[in-house]
Participant: 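Below you'll find the structure I mean.
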Amino acid sequence: MTTVAAERTRAGSPFAPGDDAAYRAWRAGKLAAYPARFDELVVPVRDPRALTPDEHAALARAIARANMAVYAGAEPAEDRDLPRLLARRFGLTRLDHNWLADDDGISSVTVTTDAGRGEFIPYTNKPIRWHTDGYYNPPARRIRAMVLHCVRPAAAGGENALLDHEIAYILVRDTDPALAAALMRPDAMTIPARTDDDGVARPAETGPVFAVDAETGALHMRYTARTRSIEWSADPAVRAAAECLARVLAGPSPYIHRVTLAPGMGLLCNNVLHDRTGFTDDPARARLIYRARYYDGIRPSV
Ligand SMILES: [Fe+2]
């Protein structure tokens, strides 16, 4: 933890292990505001590239409650500029470029047999387990927010489950505060050196699952439910915490929302937990999702 984060923790962060009063106060507000139904997070918009003030405010309110919102545009908008133009309205400007993203930093997530891309799960029709994006990134490239814009859905499947990572934190800490603390250990989770799901060759990355963001004081989560190519700390508390988290994500839970994005719809979020079911494509019209990942987070005040 950096000095700045440590300062925030001392100042009464709800995420500081042991500060039960700050945690209780934050938790009560969070759960009271949390939407019971997914459609409370869906905002119809005329054009995601040019939000009206009311549309912007409705999306910002949803994100303040649940770290995520879904905009529902009226047309598919096969426009690579769309995610960038939308994200910019929420203060997101620092795009993460990985080598499979196209030159503009926007990834076209679609089934492909291209050498280099087709061997990585996002570019297949296989299911993807629970994760946050960029869990293999170094701290300097922490993914704090992202946009997934649907141009074309699959013929069947391709549903996303979504869970606000702050709710995941609450469910673990309510089980046992020691488990939440264990997931904040700096050696909790190691992703071994390898070529990752997005095709990026990289060194091993060791770090916490839950961390207080030094820039903002927000809770950040770094997680994958994959069981291969991941090393959990040998600490029994970390192992128990990882199992607790897996149980939370297995559901059923009133906090886990499921959505199949339709053409023109998209997810704007603070890198919440998500998965993807497998899918079947219409051979003539393959599922196409534009994905933009940002180092910036969406702050409630934006
Ligand atoms: Fe993802």
Side-chain angles (χ1 to χ4, degrees), residues 33-96 101-110 122 133 143-164 256-272 274 276-277 279 281-282 284-302:
Y34 201 76
R37 294 183 336 232
F38 188 70
D39 58 14
E40 294 177 54
L41 296 174
V42 180
V43 178
V45 303
R46 190 184 55 79
D47 182 352
R49 292 164 289 200
L51 298 175
T52 67
D54 284 352
E55 292 167 348
H56 179 272
L59 289 166
R61 272 196 303 276
I63 292 165
R65 295 169 70 189
N67 280 307
M68 61 181 133
V70 168
Y71 59 86
E75 53 174 275
E78 188 166 1
D79 176 354
R80 299 183 59 81
D81 286 336
L82 184 149
R84 236 175 5 85
L85 294 171
L86 172 82
R88 199 170 60 187
R89 291 288 299 278
F90 294 87
L92 309 181
T93 57
R94 294 182 295 162
L95 266 172
D96 181 51
D102 298 307
D103 285 342
D104 54 6
I106 310 291
S107 296
S108 296
V109 181
T110 192
D133 273 26
I143 303 301
R144 296 183 177 83
M146 65 163 169
V147 177
L148 292 178
H149 174 76
C150 177
V151 177
R152 287 189 299 274
E159 175 189 76
N160 292 113
L162 302 163
L163 176 62
D164 182 344
I256 295 175
H257 295 306
R258 294 177 197 283
V259 62
T260 302
L261 296 175
M265 287 175 73
L267 172 70
L268 172 66
C269 71
N270 278 328
N271 199 4
V272 296
H274 56 288
R276 184 189 79 188
T277 62
F279 61 87
D281 263 338
D282 175 342
R285 295 177 52 77
R287 181 179 190 265
L288 174 60
I289 305 286
Y290 292 147
R291 185 187 64 200
R293 291 169 167 171
Y294 289 93
Y295 303 139
D296 312 289
I298 306 164
R299 304 274 49 92
S301 57
V302 171

Participant: If you look at every heavy atom in A60 and F90, which pair is closest and at what distance?
Facilitator: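 Reported closest heavy-atom pair: N-CE2, 4.0 Å.
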
Participant: Check L92 against L268 and note the closest heavy-atom contact, atom names and distance.
Facilitator: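 Smallest interatomic distance, heavy atoms only, reads CD1-CD1, 4.2 Å.
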
Participant: Does D96 use its side chain to pair, donor to acceptor, with the backbone of R293 at less than 3.5 Å?
Facilitator: no

Participant: Working note: S108 + R80, criterion side-chain contact (heavy atoms from CB on, under 4.5 Å); need CA distance, chi angles, decisive distance, verdict.
Facilitator: CA-CA 9 Å; S108 296; R80 299 183 59 81; 2.7 Å; yes

Participant: Compile the donor-acceptor pairs under 3.5 Å between side chains in residues 148-158 and protein atoms, sequence neighbours left out, one pair per line.
Facilitator:
| residue | atom | partner | partner atom | Å |
| --- | --- | --- | --- | --- |
| H149 | ND1 | Y71 | OH | 2.7 |
| H149 | NE2 | P76 | O | 3.0 |
| H149 | NE2 | A77 | O | 3.3 |
| R152 | NE | A286 | O | 2.9 |
| R152 | NH2 | A286 | O | 3.4 |

Participant: Give the minimum heavy-atom separation between P48 and L86, together with the two atoms involved.
Facilitator: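 Closest heavy-atom pair between P48 and L86: O-CD1, 3.4 Å.
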
Participant: About how many Å separate CG of N160 and OG1 of T260, when rounded to the nearest 0.5 Å?
Facilitator: 7.5 Å

Participant: Using only atom types and a distance under 3.5 Å, with no angle test, would you say the side chain of N270 pairs donor to acceptor with the backbone of G297?
Facilitator: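 The answer is no, because no donor-acceptor pair under 3.5 Å joins these two groups.
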
Participant: Check for a donor-acceptor pair, side chain of R276 on one end and backbone N or O of P122 on the other, with a separation under 3.5 Å.
Facilitator: yes

Participant: Filter on salt bridge (charged side-chain N to carboxylate O under 4.0 Å, His left out), then keep only pairs touching residues 51-72, sequence neighbours left out; what's left?
Facilitator: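 Every pair satisfying salt bridge (charged side-chain N to carboxylate O under 4.0 Å, His left out) with a residue in residues 51-72: E40-R65.
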
Participant: Quick one, Y34 with D164, criterion side-chain contact (heavy atoms from CB on, under 4.5 Å). Give me CA distance, side-chain angles, the key distance, then yes/no.
Facilitator: CA-CA 10 Å; Y34 201 76; D164 182 344; 3.5 Å; yes

Participant: Should L95 and Y294 count as side-chain neighbours, where that means a heavy-atom distance under 4.5 Å?
Facilitator: yes

Participant: If you compare all heavy atoms of V272 against all heavy atoms of H274, which two are closest, and at what distance to 0.1 Å?
Facilitator: O-ND1, 2.9 Å

Participant: What is the distance from atom CG of D39 to atom NE2 of H257, rounded to the nearest 0.5 Å?
Facilitator: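 Taking CG in D39 and NE2 in H257, the distance rounds to 9.5 Å.
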
Participant: Which pair of non-hydrogen atoms, one from D79 and one from D81, has the smallest distance, and what is that distance?
Facilitator: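 Closest pair (atom of D79, atom of D81, distance): OD1-N, 2.8 Å.
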
Participant: Check the pair E78 / L288 against side-chain contact (heavy atoms from CB on, under 4.5 Å), numbers first and verdict last.
Facilitator: CA-CA 9 Å; E78 188 166 1; L288 174 60; 3.8 Å; yes

Participant: Rounded at 0.5 Å granularity, tell me how far CD1 in I106 sits from CG in L82.
Facilitator: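 So the gap between those two atoms works out to 9.0 Å.
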
Participant: Compare all side-chain heavy atoms of F38 with those of V259 and state whether any distance is below 4.5 angstrom.
Facilitator: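 F38 reaches V259 side chain to side chain.
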
Participant: Counting C-beta onward and ignoring hydrogens, is there a side-chain heavy-atom pair between R291 and D133 closer than 4.5 Å?
Facilitator: yes

Participant: Under a 4.0 Å threshold between the charged nitrogen and the carboxylate oxygen, would D296 count as salt-bridged to R94?
Facilitator: yes

Participant: Let me see the working for L163 and I256 under side-chain contact (heavy atoms from CB on, under 4.5 Å), right down to the final yes or no.
Facilitator: CA-CA 5 Å; L163 176 62; I256 295 175; 4.2 Å; yes

Participant: Donor-acceptor pair, R144 side chain versus Y295 backbone, under 3.5 Å?
Facilitator: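 Looks like yes, one N/O pair under 3.5 Å.
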
Participant: Could you check whether any side-chain N or O of R287 sits under 3.5 Å from a backbone N or O of F279, counting only pairs where one atom can act as donor and the other as acceptor?
Facilitator: no

